[in-house]
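Positions are given from 1, in the same order as the sequence printed here.
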Amino acid sequence: MKTRAAICWEPGARKGWSVEDIELGDPRPDEVRIKLAAAGLCHSDDHVDTGVYIDLEPMVGGHEGAGIVEEIGSAVRGLEAGDHVVLAFVPSCGRCYSCVSGRSHLCDLGAHMFDGVALSDGTYRVHSRGRGVGTFCLLGAFSPYVVVHQDNVVKIRDDVPLDRAALVGCGVTTGWGSAFHTAGTRPGDTVAVIGVGGIGMNAVQGARMAGAQNIVAIDITAYKRERAKEFGATQVAASMDEAFELITELTQGTLAHRAILTTGVAEGALVEPALRLVGKRGVLVVTAVAPGDQLRVDLDLFTLTCYEKEIRGGLFGSANPRIDIPRLLDLYMDGELKLDELITKTYTLDEINQGYRDLAAGRNIRGIIGFAEV
């Protein structure tokens with residue numbers, strides 16, 4: 001079928017997204033065609049354009065979306081036309097070691113997220129300008145229609161607004177899970193969240209729902225610091241130095257139990273000041289994505305050892321997409337999880353580059369692309 005999509009033709013060149021016509025292939029036996037209602041504007045897609053990810057081919061961006069199934073392949077099970085679904089950027093096959101041991105966010109199929117070609121047969125589903133074009137995170141959600149593998153699709157309840165549901169495909173689950181699952185936040189903890197954009201704001205929510213007593217939101221942007229209070233932050237700071245003094249006072253010098261790094265980019269120089277915020281046996285979760293060639297990290301190894309601190313990587317909030325995506329949407333419908341408040345502005349597909357300019361300027365918590373009503 002013919003449709004439109006936002007394509008990054010020169011990853012790393014910082015030339016933005018080109019919205020143009022594409023040919024979208026039909027679903028293979030284990031694939032699904034979905035008409036999307038909305039797609040989130042996440043930093044991870046911007047990393048394609050800015051070169052945080054390296055050695056990528058031209059890509060249709062977008063990995064955070066929700067919509068309605070239009071067509072299924074002959075081998076698809078558990079989905080049918082008319083189902084409301086969320087795209088999960090990490091596939092879960094249910095068969096590999098990670099999946100069967102309860103870590104489906106680390107499914108072996110995730111190794112193919114940046115390949116650009118379909119899981120089914122290694123070919124392209126999108127063509128434009130006479131050539132195959134990759135789809136970011138196997139999805140390519142910057143288009144009103146996608147053809148994706150069934151392992152990337154999670155069925156949800158029909159009464160959730162789809163533009164809200166889209167956010168749970170990445171940002172909400174990643175941030176919430178970073179505090180709730182990866183960091184292991186417990187009732188009474190003090191938690192520092194470093195960077196409160198689309199991921200960090202949900203880490204604040206996750207810490208609140210886990211029962212943290214003190215949640216310190218750290219961001220250089222005053223607007224985001226103020227908004228963080230709506231999501232559960234008990235204190236805010238404009239820098240990690242300021243946060244260190246604040247947390248020292250709050251905890252009588254024992255410092256935070258958990259810190260979560262959710263800046264736009266995980267730079268090596270940020271790790272030591274972030275780790276400094278936690279005390280003995282404290283945990284730092286690095287959720288932000290680092291450049292592919294970032295190999296150096298500043299680190300006080302003496303204190304790391306003597307205080308038994310931990311540094312943990314965090315992918316998709318250590319969440320199980322088939323359990324946590326529906327769970328989070330239930331919490332939203334029950335009034336426990338804030339999704340409406342996350343959406344700062346809705347853009348058309350043609351306005352995608354303005355959306356990313358607004359993101360870079362700190363004006364958005366989460367911008368979304370709204371497609372035609374489904």
Evaluate salt bridge (charged side-chain N to carboxylate O under 4.0 Å, His left out) for R131 paired with E57, printing each intermediate quantity in order. CA-CA 12 Å; R131 56 157 291 173; E57 64 173 307; 3.8 Å; yes

Give the intermediate values and the outcome of side-chain contact (heavy atoms from CB on, under 4.5 Å) for residues L299 and I311. CA-CA 11 Å; L299 196 60; I311 302 174; 3.7 Å; yes

Using the side-chain contact (heavy atoms from CB on, under 4.5 Å) rule, take I194 and M240 through it: C-alpha gap first, then chi angles, then the decisive distance, then the call. CA-CA 8 Å; I194 306 147; M240 283 192 272; 4.0 Å; yes

What verdict does the salt bridge (charged side-chain N to carboxylate O under 4.0 Å, His left out) test give for D350 and R4, after you've listed the backbone C-alpha separation in whole Å, the side-chain angles of each residue and the deciding distance to 0.1 Å? CA-CA 10 Å; D350 290 312; R4 303 174 75 230; 2.8 Å; yes

Can R366 and E64 be said to form a salt bridge (charged side-chain N to carboxylate O under 4.0 Å, His left out), step by step? CA-CA 11 Å; R366 190 53 122 217; E64 185 180 89; 3.0 Å; yes

Would you please test E10 and K15 for salt bridge (charged side-chain N to carboxylate O under 4.0 Å, His left out) and show each step? CA-CA 7 Å; E10 297 182 56; K15 293 185 177 180; 2.9 Å; yes

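Under a 3.5 Å cut-off, the side chain of N202 and the backbone N or O of G198 do form a donor-acceptor pair. Remark: side-chain polar atoms of T263 are paired, donor with acceptor, to backbone N or O of V265 under 3.5 angstrom. With R312 contributing its side chain and V286 its backbone, the two residues share no donor-acceptor pair below 3.5 Å. D83 places no side-chain N or O within 3.5 Å of a backbone atom of V85 that could act as its donor or acceptor partner. Panel note: side chain N353, backbone W17; a donor-acceptor pair is recorded below 3.5 Å. Here the side chain of D45 pairs a donor or acceptor atom with the backbone of G62 at under 3.5 angstrom. Side-chain atoms of R227 come within 3.5 Å of backbone N or O of E341 as a donor-acceptor pair. S178 places a side-chain N or O within donor-acceptor distance of the main-chain N or O of T174, the cut-off being under 3.5 Å. S92 contributes no side-chain N or O that, together with a main-chain N or O of C107, makes up a donor-acceptor pair within less than 3.5 Å. R322 contributes a side-chain N or O that, together with a main-chain N or O of V153, makes up a donor-acceptor pair within less than 3.5 Å.
Taken from OG1 in T348 to CZ in F371, the straight-line distance is 9.5 Å, to the nearest 0.5 Å. To the nearest 0.5 Å, atoms CD1 (I218) and CZ (R225) are separated by 11.0 Å. Between T248 atom OG1 and L255 atom CG the span is 4.5 Å, to the nearest 0.5 Å. The CG atom of D324 sits 5.0 Å away from the CH2 atom of W176 when rounded to the nearest 0.5 Å. The structure places OG1 of T190 at 9.5 Å from CD1 of I215, a figure rounded to the nearest 0.5 Å. A distance of 7.0 Å separates CD of E230 from NZ of K338, quoted to the nearest 0.5 Å.
Linking Ile, Leu, Val, Met, Phe, Trp and Tyr residues whenever their side-chain heavy atoms come within less than 4.5 Å leaves I199 and V271 in two separate clusters. In terms of hydrophobic clustering, with Ile, Leu, Val, Met, Phe, Trp and Tyr side chains grouped at heavy-atom distances under 4.5 Å, L119 and L56 are assigned to different clusters.
Nearest heavy-atom pair, V146 versus A141, reported as atom, atom and distance to 0.1 Å: CG1-CA, 4.0 Å. Looking at every heavy atom in both residues, R258 comes nearest to V278 through C-CG1, 3.7 Å. Between I34 and V32, the shortest heavy-atom distance links the atoms CG1-CG1, 3.7 Å. Contact record, L342 with V172: CD1-CG2, 3.6 Å, taken as the closest heavy-atom pair.
Ion pairing of E31 with R125 is present here, as a side-chain N (NZ or NE/NH1/NH2) and a carboxylate O approach within less than 4.0 Å. Salt-bridge check for K2 with E23: passed, with a basic side-chain N closer than 4.0 Å to an acidic carboxylate O. Look at D108 and R95 and you find no salt bridge, because none of the NZ, NE, NH1 or NH2 atoms lies under 4.0 Å from a carboxylate O.
Summarising the local packing, CZ of R186 is surrounded by 12 or fewer heavy atoms from other residues, nucleotides or ligands at distances under 6.0 Å. More than 12 heavy atoms of other residues, nucleotides or ligands lie within 6.0 Å of OH in Y124, so this atom counts as buried by the packing criterion.
Ring-plane geometry between H63 and F136 is classed as perpendicular, the angle between the planes exceeding 60 degrees on a 0 to 90 degree scale with a lower cut at 30.
Side-chain polar atoms of H112 and D115 form a donor-acceptor pair below 3.5 angstrom. There is a side-chain donor-acceptor pair under 3.5 Å between D358 and Y347.
Under a cutoff of 6.0 Å and an axis angle of 45°, R276 and F244 form a cation-pi pair.
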